[in-house]
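Each remark here refers to the structure printed beneath this line.
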Amino acid sequence: MSKLVCWGGGSLFMWWEFLGPQARIIGVDMNPNAKKWENGGGEIFIGNQADEQFWQEFKNQIGRADMILGDGGQTFE
């Protein structure tokens, strides 16, 4: 399973193609409009990458992740 930041959706589509249909792709973005990328076959969570409470709730909902890819944020937080 992968965690990705959605923004324009480009990285989501790349990982869907690379990892194949057996992968569970989960995107994270602060912008609620990113939910539109779920139509490509993944799941999108709306939240702030710098918010520890968000990550705790995320972990509680999805469980253990095999792989987490940080492709966004670009801040020190």
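The basis for the numbers below is simple: all heavy atoms, side chains too, and nothing from hydrogens, waters or symmetry mates.
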| message | So Phe54 and Asn48, do their side chains get closer than 4.5 Å, heavy atoms only? | response |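 A side-chain contact is absent here, since even the closest heavy-atom pair is not under 4.5 Å.
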| Between Ala34 and Ile46, which heavy-atom pair has the shortest distance, and what is it? |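 Residues Ala34 and Ile46, closest heavy atoms: CB-CD1, 4.5 Å.
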| field | Heavy-atom closest contact (Trp55 atom, Gln49 atom, distance) | value |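 So the minimum-distance heavy-atom pair works out to NE1-O, 2.7 Å.
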| Under 4.5 Å between side-chain heavy atoms, hopping through other hydrophobics if needed: is there a path connecting Met30 to Ile68? |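 No, no single cluster joins them.
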| said: Nearest 0.5 Å, please: how far is CE in Met14 from CD1 in Ile25? | reply: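 Ile25 atom CD1 to Met14 atom CE measures 9.5 Å (nearest 0.5 Å).
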| task | First locate atom CD1 of Ile62, then atom CZ of Arg24, and finally report the distance between them rounded to the nearest 0.5 Å. | result |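 Output value for this atom pair is 6.0 Å.
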| Are Asp29 and Trp37 close enough, and set up right, to give a side chain to side chain contact (heavy atoms under 4.5 Å, CB included), and what steps lead you there? | CA-CA 11 Å; Asp29 203 298; Trp37 300 119; over 6 Å; no
| query | Residues two or more places apart in sequence or in another chain: which of them pass side chain to side chain donor-acceptor pair (under 3.5 Å) with Lys35? | reply |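 Lys35 satisfies side chain to side chain donor-acceptor pair (under 3.5 Å) with Glu38 only.
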| field | Gln53 and Glu57 side chains, donor-acceptor separation under 3.5 Å | value |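 The answer is yes; a qualifying pair exists.
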